[in-house]
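What follows is a single structure, written as structure tokens, with notes after it.
As the structure lists them, so they are numbered: ligands from 1, and atoms in each ligand from 1. The structure presented is a predicted model; accordingly, all values stated were derived computationally and were not measured.
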Amino acid sequence: RPTTVLLVCGGAAGEHSVSCLTAAGVLGAMDHERYHVIPVGITTGGSWLRLSIEEVTAFRASGDELPSVDAIAQGHDEALLHRDGEDVLLATRQGSTLADPVRIDVAFALLHGPMGEDGTIQGLFELMRLRYVGCGVMASAVALDKDATHRMLLGAGLPMVPYTALSQADWTVSRRSSLDAIAALGLPVFVKPARGGSSVGISKVSVAEDLPAALDEAFTWGAKVIVEQGLENAREVECAVLQDPRQGLRTASVGEIVMEGTEFYDFTTKYLGNGKARMQVPADLTSDQAAEIDRLARRAFVALGCEGLARVDFFLTEKGRLLLNEVNTMPGFTEFSMYPYAWGQSGLAYADLIDLLIEQALQREAGPR
Ligand code: ADP
Ligand code: MG
Ligand code: MG
């Protein structure tokens with residue numbers, strides 16, 4: 001009997017369309033003899049809808065139009081997860097009655113950022129005793145909070161970029177002392193919402209007068225912000241880590257984001273293919289540098305308690321120092337994104353990577369861990 005996979009996409013606004021593109025890619029690569037895929041889209045407003053395979057396949061970037069679940073929400077029945085004995089079922093609600101319950105073997109949430117990559121949906125799956133691909137609640141929640149990540153990885157002895165965290169309350173009550181704490185970092189700095197991704201709300205500040213506006217902007221995304229020392233001309237290298245169900249922890253060849261004519265790896269450069277960044281795998285590194293990145297990436301994966309997959313991102317400074325930037329527990333996962341691309345360049349094809357992730361999830365105990 002095929003494995004029934006609940007494929008979840010869409011979600012909160014920031015990375016909604018990216019998630020839809022990912023879902024189209026993953027669905028397209030899955031062997032439909034082996035898997036019975038049930039796609040569910042979450043609108044930006046939080047409604048869960050059961051989608052057809054065709055609707056997900058149609059999620060493609062075309063011109064300026066980015067795909068979204070919202071755009072196809074009309075006329076859909078709401079989808080519900082519920083338990084019946086030992087089975088987790090997905091059903092659709094037509095009016096007040098439940099129709100078509102389907103048993104689910106494993107969930108694969110292709111969601112990025114808050115309300116998906118942050119432990120929330122993982123917590124729901126835990127409560128349902130439903131197995132799922134990727135990191136658990138704690139690793140997801142910590143990795144999505146750049147302040148919590150810094151604290152946890154510093155505690156594990158990993159080299160992090162010097163930073164300070166500010167709450168909305170700190171900033172509202174005392175702008176002066178907030179600015180003093182930031183001044184200690186020097187300029188430039190990077191101002192970032194603590195809980196975010198896809199470079200949303202991030203700005204580089206090179207002159208002190210621009211700080212208040214950058215902080216105000218970052219706080220529109222959440223009540224905690226981090227300010228990091230800005231690294232000039234640092235290279236950005238990324239390491240894809242996979243918990244292989246048969247071989248244990250594996251890392252792909254290190255990848256590099258090579259920037260051409262952009263200040264930093266911002267949202268437009270990441271997703272809209274403006275040609276200002278390209279991926280290079282393997283990155284041009286000495287064997288010592290590559291080995292050190294590999295070692296630190298594995299340590300970060302273990303320190304955060306990651307499962308399944310994570311992409312660990314580093315800066316290699318002008319002076320040759322390696323600093324850990326962040327850990328992404330649901331990294332970009334279209335066929336052309338760094339995580340699958342790095343594995344492809346390391347001999348593991350996209351479809352095989354998806355198989356391994358699902359197999360790893362199925363091996364896990366459902367329920368409290
Ligand atoms: P996100 O989770 O949104 O990807 P990042 O922390 O990776 O956030 O920041 C996005 C991009 O901003 C990075 O890929 C890099 O180009 C730039 N950046 C972030 N922090 C720094 C820093 N401290 N120094 C230099 N560049 C940075
Ligand atoms: Mg990130
Ligand atoms: Mg990043």
* Asked: Does the side chain of D70 pick up a donor-acceptor pair with the side chain of S68 at under 3.5 Å?
  -> no
* According to the ring pair (Phe, Tyr, Trp, His ring centres under 6.0 Å) rule, which pairs have a member within residues 5-49, sequence neighbours left out? -> none
* To do: Answer with yes or no whether the side chains of E326 and H150 bring together a donor and an acceptor at under 3.5 Å.
  => no
* Structure fact -> Between A165 and D170 the two heavy atoms that sit nearest each other are O-OD2, 4.3 Å
* Structure fact -> Nearest non-hydrogen protein atom to atom 4 (O) of ligand 1, with distance, is K270 NZ, 2.7 Å
* **Atom pair CD (Q122) and OG1 (T329), whose distance is rounded to the nearest 0.5 Å** => 6.5 Å
* To do: For atom 9 (O) of ligand 1, grab the closest protein heavy atom and report residue, atom and distance to one decimal in Å.
  => I202 CD1, 3.5 Å
* Mind listing the protein N/O/S atoms less than 2.8 Å away from the Mg ion (ligand 3)? Waters don't count. => E326 OE2
* Residue and atom name of the nearest protein heavy atom (relative to atom 10 (C) of ligand 1), distance in Å to one decimal -> S199 OG, 3.4 Å
* Asked: Considering only protein heavy atoms, which is closest to atom 2 (O) of ligand 1, and at what distance to one decimal place?
  -> K146 NZ, 2.5 Å
* Between CG of L51 and CD1 of I42, what distance do you get to the nearest 0.5 Å? -> 10.0 Å
* Could you list which atoms of ligand 1 come closer than 4.0 Å to a heavy atom of Q229? => 22 (C), 23 (N), 24 (N)
* Once the angle between the rings of F190 and F264 is folded into 0 to 90°, is it parallel (under 30°), tilted (30 to 60°) or perpendicular (over 60°)? -> perpendicular
* Where's the contact between D266 and ligand 1, heavy-atom distance under 4.0 Å: side chain, backbone, both or neither? -> neither
* State if Y163 counts as touching ligand 1 under the rule of any non-hydrogen atom under 4.0 Å. => no
* Structure fact -> Looking only at non-hydrogen atoms, the one of L185, L231, D313 nearest atom 24 (N) of ligand 1 is L231
* Among all protein heavy atoms, pick the one closest to atom 6 (O) of ligand 1 and tell me residue, atom and distance. => K192 NZ, 2.6 Å
* Under 3.5 Å, side chain of S337 to main-chain N/O of Y339, donor-acceptor pair present? -> no
* Asked: Where is the nearest protein heavy atom to atom 15 (C) of ligand 1: which residue, which atom, and how far?
  -> E236 OE2, 3.0 Å
* Asked: Considering only heavy atoms, which of F264, F190, Y265 lies nearest to atom 22 (C) of ligand 1?
  -> F190
* Structure fact -> The atoms of ligand 1 lying under 4.0 Å from a heavy atom of G230, numbered in the order shown, are 24 (N)
* Side-chain donor-acceptor contact under 3.5 Å, S140 with D118 -> no
* **Under 3.5 Å: N/O of N328 near N/O of ligand 1** => no
* Asked: Within less than 4.0 angstrom of ligand 1, does E232 place any heavy atom?
  -> no
* Checking salt bridge (Lys or Arg N to Asp or Glu O under 4.0 Å) for the pair R246/E359: CA distance, chi angles, key distance, verdict? -> CA-CA 9 Å; R246 279 162 260 172; E359 194 181 321; 2.6 Å; yes
* To do: Locate the shortest heavy-atom distance separating V133 from R364; write the atom from each residue and the value.
  => C-NH1, 4.4 Å
* Mark the output for A234 as yes if a heavy-atom distance to ligand 1 is under 4.0 Å, and as no if none is. => no
* To do: Measure I257 to ligand 1 on non-hydrogen atoms and call it side chain, backbone, both or neither using the 4.0 Å cut-off.
  => neither
* To do: Using the six-membered ring wherever Trp is involved, compare the ring planes of Y132 and F125 and label them parallel, tilted or perpendicular (cut-offs 30° and 60°).
  => tilted
* For the atom pair CD1 (I38) and CZ (R50), what is the distance rounded to the nearest 0.5 Å? -> 5.0 Å
* To do: Output yes when a side-chain donor or acceptor of D145 lies under 3.5 Å from a complementary backbone atom of V142, and no otherwise.
  => no
